[in-house]
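Structure first, then comments.
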Amino acid sequence: MNRFDGVRVLLTGAGSGIGRATALRLVSEGASLYAVDLSCEGLAETAAAAPGPGRITTRVADVADEDAVVDTVRAAAEALGGIDVLVNVAGIHRTTPMDRLTAADLERLFRVNTVGTALFCREALPHLPDGSGVVVNVASSAASHGNPYMTAYAASKGAVLAFSLSLAAEVAHRGIRVVPVSPGSVATPLAGPHVLPPGLDTSYYARIRAPFGAARPEQIAGVIAFAASRDAACLTGAEIRADGGSHI
Ligand SMILES: NC(=O)c1ccc[n+]([C@@H]2O[C@H](COP(=O)([O-])OP(=O)(O)OC[C@H]3O[C@@H](n4cnc5c(N)ncnc54)[C@H](O)[C@@H]3O)[C@@H](O)[C@H]2O)c1
């Protein structure tokens with residue numbers, strides 16, 4: 001498939017996990033990609049894995065830094081000659097049992113996951129073409145299903161979901177689509193055993209184990225690619241929950 005021939009994509013979180021898999025999937029389908037991450041090494045690995053040299057332009061930037069976001073989106077638009085698709089994948093996780101919840105954890109989660117996503121949307125939207133521009137924001141199944149010890153993370157992702165639905169309504173008159181994609185458990189560095197450290201009652205998680213198990217990042221990349229492609233031309237303002245059936 002070459003659904004992204006000639007399509008210019010700005011993608012955050014491209015240095016690892018779902019973001020890297022999405023970068024490689026979109027480039028393999030023809031996209032020109034501007035890849036952003038905090039990790040220089042992660043970006044280099046992603047670019048090195050791309051099919052053919054020079055397919056991915058990389059930039060180290062912190063999505064939580066407003067000035068950096070403004071500069072990054074401007075640079076992406078210049079480098080690509082415009083932006084057709086924005087994919088916000090960058091995110092962090094913190095385990096926050098209520099007795100250990102701190103304001104600092106809450107603020108950091110919201111700053112990266114929610115504010116970072118919102119700032120990229122604000123800056124990229126003027127560049128997106130009327131009638132074909134697309135925004136895909138990675139939320140989480142935690143946005144709409146309870147998960148013990150993840151209150152702060154879930155709240156930050158619930159905000160990404162709510163933000164995306166309202167943004168879809170706001171830009172629909174321009175023919176721009178906004179699609180929140182909510183993965184369940186995905187096998188990436190973000191979701192290792194550290195998420196549930198010893199001492200916590202994990203019986204809830206044993207009960208909701210997804211029948212398909214944890215997804216591979218490439219499977220979520222396939223869902224994001226669909227959402228961003230013309231195959232999803234009638235899809236906007238609707239969450240795609242890709243959680244392997246953990247809540248059926
Ligand atoms: N892995 C899961 O189970 C899972 C489930 C639901 C949602 N998600 C979401 O998917 C997205 C990708 O997660 P992943 O599992 O691939 O994790 P990951 O840790 O493998 O990748 C996250 C990437 O985001 C980058 N990043 C973090 N903070 C950043 C910042 N301030 N500025 C720029 N880049 C930053 C990291 O450097 C890393 O490359 C996240 O938004 C995460 O919340 C993951």
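Indexing begins at 1, ligand by ligand and atom by atom, following the structure's order.
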Do V171 and V179 share a hydrophobic cluster (ILVMFWY, side-chain heavy atoms under 4.5 Å, transitive)?
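Shared cluster, no.
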
Decide if atom CZ of F212 counts as having more than 12 heavy atoms of other residues, nucleotides or ligands within a radius under 6.0 Å.
no

Partner residues of H93 under the ring-ring contact (aromatic ring centres under 6.0 Å, His included) criterion, sequence neighbours left out:
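ring-ring contact (aromatic ring centres under 6.0 Å, His included) list for H93, sorted by chain: Y153.
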
Per-ligand residue contacts, ligand 1, heavy-atom threshold under 4.0 Å:
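For ligand 1, the contacting residues are G13, G15, S16, G17, I18, D37, L38, A61, D62, V63, V89, A90, G91, I92, V112, V138, A139, S140, Y153, K157, P183, G184, S185, V186, T188, P189, L190, A191.
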
Taking NZ, NE, NH1 and NH2 as the nitrogens, is one of them in D71 or R74 under 4.0 Å from a carboxylate oxygen of the other?
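Answer for the salt bridge query: yes.
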
Without placing hydrogens or testing angles, list every side-chain donor-acceptor pair under 3.5 Å for residues 47-63, not counting sequence neighbours.
| unit_1 | atom_1 | unit_2 | atom_2 | d |
| --- | --- | --- | --- | --- |
| R55 | NH1 | P51 | O | 3.3 |
| R55 | NH2 | V27 | O | 2.7 |
| R59 | NE | T72 | OG1 | 3.1 |
| D62 | OD1 | A64 | N | 2.8 |

Counterpart residues, side chain to side chain contact (heavy atoms under 4.5 Å, CB included), relative to V134 (two or more places apart):
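For V134, the residues satisfying side chain to side chain contact (heavy atoms under 4.5 Å, CB included) (neighbours in sequence not counted) are V85, V136, R177.
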
